[in-house]
Amino acid sequence: MKKNLLLLLMVIFTINFTSCKDDDDYTPLIPPSDINVTYGSDNNNKLNLSYSDVTLSGKQVKFATTDGRTASLTLMDILPGKAEATVENIALTEGEGEYIFSGTSPVSRAAEYSVAYSGSVKKGEMTLKLNVSVPDPKGWVKTYSLGAYTTGEFTVGDKKYSSWVLTSPLYAACAFEDLEMSASYSMLFKGLGGLLLPQVLKTVTLEADGNIRAQYYSGAIQIDQNLIFPMLMGQGPSEEVVNALIPTSGELNSPKNLAYWFEKDGKLYVKLNITAIIAQAMSDSETTGGDETLATIIATVLNGNASTIKQLLSQFTGLDFSEISDASFEMLLDWIKNGIPLNVTKAEGGHTYMYLDRTAFDPIFKDTETPADDPSNIGSKSDLMKLWMLLSEAEIIPEDAQLAILLFAGILQQWPTNTAFNVGLDLK
């Protein structure tokens, strides 16, 4: 009995020893120090990345392994709404001079995201394919069409109107101290949006992977000033006239990976992929340029402060942006870096309003220079007025469009009395 027990212990010891010896003798195919780098950070560490089966350039992924058997991937500003997210416990398989990996996993510190990944890594290069599902707690994933343009009777104070713009693809709700002004500007924005938006946009889709796609028209926009001026008097164009301007064919589909959406604190954030948008524009115009160089330039600009950005713009355009407040540029930079925050409200009749509120317009609309005892000139020193004049003098804004600023003159002058300024899309 004792002999059998001794033999059993020897067998167990031998197995364990052999196993430990095999572990200790394992030599990684590639030294971890050769691949523990940030791919996409320079030309020596190339990243071939695709997101939802479409190439995504200008991004970075950090790879880390200690033993050549398991690894982690840190995705830098790739998942919508996450500046950094890590996929852990990735099993590595030896290939021909590279490690191969694939799997599906929740993301560290973002477990509500599901990430399917596959790819390979070797010294100097990583290939990574991602298919992502983003959280949708509000049920926003769907294809939206534009809200209908409708007109009808409406009363403002003691005035009655027979062709007031009631609904439109553009949602607008303004509140000033002057109630008639509030109603008139809300109606004017709806009317202009009803004329213009359907000539450009057909549908908007919030996809499950976080992409924002659109069906759009690329033809020339028809603008008849004879339709605009009556709106200043409370008379919107008829539904038949507006609907006749909408293209009946020729819609195009926007590419993937140009814009993303994500939910945060109950708001819908729209994050633009500036690198991809500029690269797409360069491609459309047959302009050449490296994605890595473009990404580096954009990163340099976005990492600067408002003062630096104004100086760069002045040098690039030859225009003097120094009079525009830092607050306006800081807000713009925040939108580009962190996303544009939109409010989402669901209304009767299946309408969904996605819109910017007053906080988004305040930096550019408010006049901090004109004294309160000079009410007739309030707004003349606002950033919007300064920027409009600057671009008009440089003839960047066409001469026949320069008077459009007069539509905002009343808003700028009465901005101190404004309590609500919601402008966005009316979707169904």
Side-chain angles (χ1 to χ4, degrees), residues 19-134 209-210 257 260 271 273 275-276 279 290-300 302-303 337-338:
S19 176
C20 292
K21 186 174 184 297
D22 289 343
D23 287 343
D24 293 340
D25 287 349
Y26 175 74
T27 301
L29 175 67
I30 306 171
S33 59
D34 285 351
I35 52 179
N36 285 348
V37 299
T38 300
Y39 290 90
S41 60
D42 55 52
N43 292 329
N44 295 321
N45 295 292
K46 185 179 180 181
L47 175 64
N48 306 309
L49 175 64
S50 68
Y51 187 100
S52 296
D53 301 319
V54 176
T55 298
L56 180 58
S57 60
K59 298 297 183 179
Q60 298 182 4
V61 175
K62 184 179 180 180
F63 184 88
T65 182
T66 58
D67 56 10
R69 291 177 171 174
T70 61
S72 66
L73 294 173
T74 300
L75 311 176
M76 318 292 284
D77 195 27
I78 294 175
L79 298 189
K82 295 294 177 183
E84 185 176 298
T86 303
V87 182
E88 300 176 322
N89 300 318
I90 298 173
L92 300 178
T93 302
E94 292 186 1
E96 293 293 330
E98 63 183 10
Y99 289 119
I100 300 170
F101 52 85
S102 65
T104 301
S105 173
V107 178
S108 175
R109 298 188 301 277
E112 65 273 23
Y113 288 72
S114 176
V115 178
Y117 57 86
S118 62
S120 61
V121 62
K122 60 184 178 182
K123 184 177 181 179
E125 185 173 5
M126 174 190 285
T127 297
L128 178 61
K129 178 180 179 180
L130 296 175
N131 284 284
V132 176
S133 177
V134 304
D209 65 357
N257 299 339
Y260 304 94
K271 180 72 179 294
N273 185 347
T275 302
D291 289 339
E292 295 83 2
T293 301
L294 180 61
T296 300
I297 293 173
I298 292 173
T300 300
L302 294 183
N303 288 330
K337 291 179 182 178
N338 302 313

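Between Ile35 and Lys122, every side-chain heavy-atom pair lies at or beyond the 4.5 Å cut-off. With a 4.5 Å cut-off on side-chain heavy atoms, Ile78 and Leu49 count as touching. Between Lys129 and Thr127 there is no side-chain heavy-atom pair separated by less than 4.5 Å.
Atom OG1 of Thr86 sits about 9.0 Å away from atom CG of Leu73, to the nearest 0.5 Å. The CG atom of Asp77 sits 9.0 Å away from the OH atom of Tyr260 when rounded to the nearest 0.5 Å. In this structure, CE in Met126 is found 12.0 Å from NZ in Lys62, a value given to the nearest 0.5 Å. Here Glu125 contributes atom CD and Asn48 contributes atom CG; the two are 4.5 Å apart, rounded to the nearest 0.5 Å. Going from atom OG of Ser50 over to atom CG of Asn131 covers 7.0 Å, rounded to the nearest 0.5 Å. For the atom pair CG of Leu128 and OG of Ser118, the computed distance is 7.5 Å after rounding to the nearest 0.5 Å.
Contacts of Val132 classified as side chain to side chain contact (heavy atoms under 4.5 Å, CB included), with partners at least two apart in sequence or in another chain: Tyr51, Leu79, Tyr113, Val115, Leu130, Val134.
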Open item on the list: Show, in sequence, the C-alpha distance, side-chain angles and deciding distance for Asn45 and Thr38, and conclude whether the side chain to side chain contact (heavy atoms under 4.5 Å, CB included) test is met.
Closed with: CA-CA 7 Å; Asn45 295 292; Thr38 300; over 6 Å; no
TODO: Please lay out, stage by stage, how Ile90 and Tyr117 fare under the test side chain to side chain contact (heavy atoms under 4.5 Å, CB included).
DONE: CA-CA 10 Å; Ile90 298 173; Tyr117 57 86; 3.7 Å; yes
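Proximity of a side-chain donor or acceptor of Asn257 to a complementary backbone N or O of Ala276 within less than 3.5 Å is not detected. One N or O on the side chain of Lys271 and one on the backbone of Lys337 form a donor-acceptor pair closer than 3.5 Å.
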Review item, side-chain donor-acceptor pairs of residues 92-104, under 3.5 Å, at least two apart:
unit_1, atom_1, unit_2, atom_2, d
Glu94, OE2, Tyr26, OH, 3.0
Tyr99, OH, Leu29, N, 3.0
Tyr99, OH, Ile30, N, 3.3

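For the residue pair Lys46 and Tyr39, the shortest heavy atom distance occurs at O-CD2, 3.5 Å.
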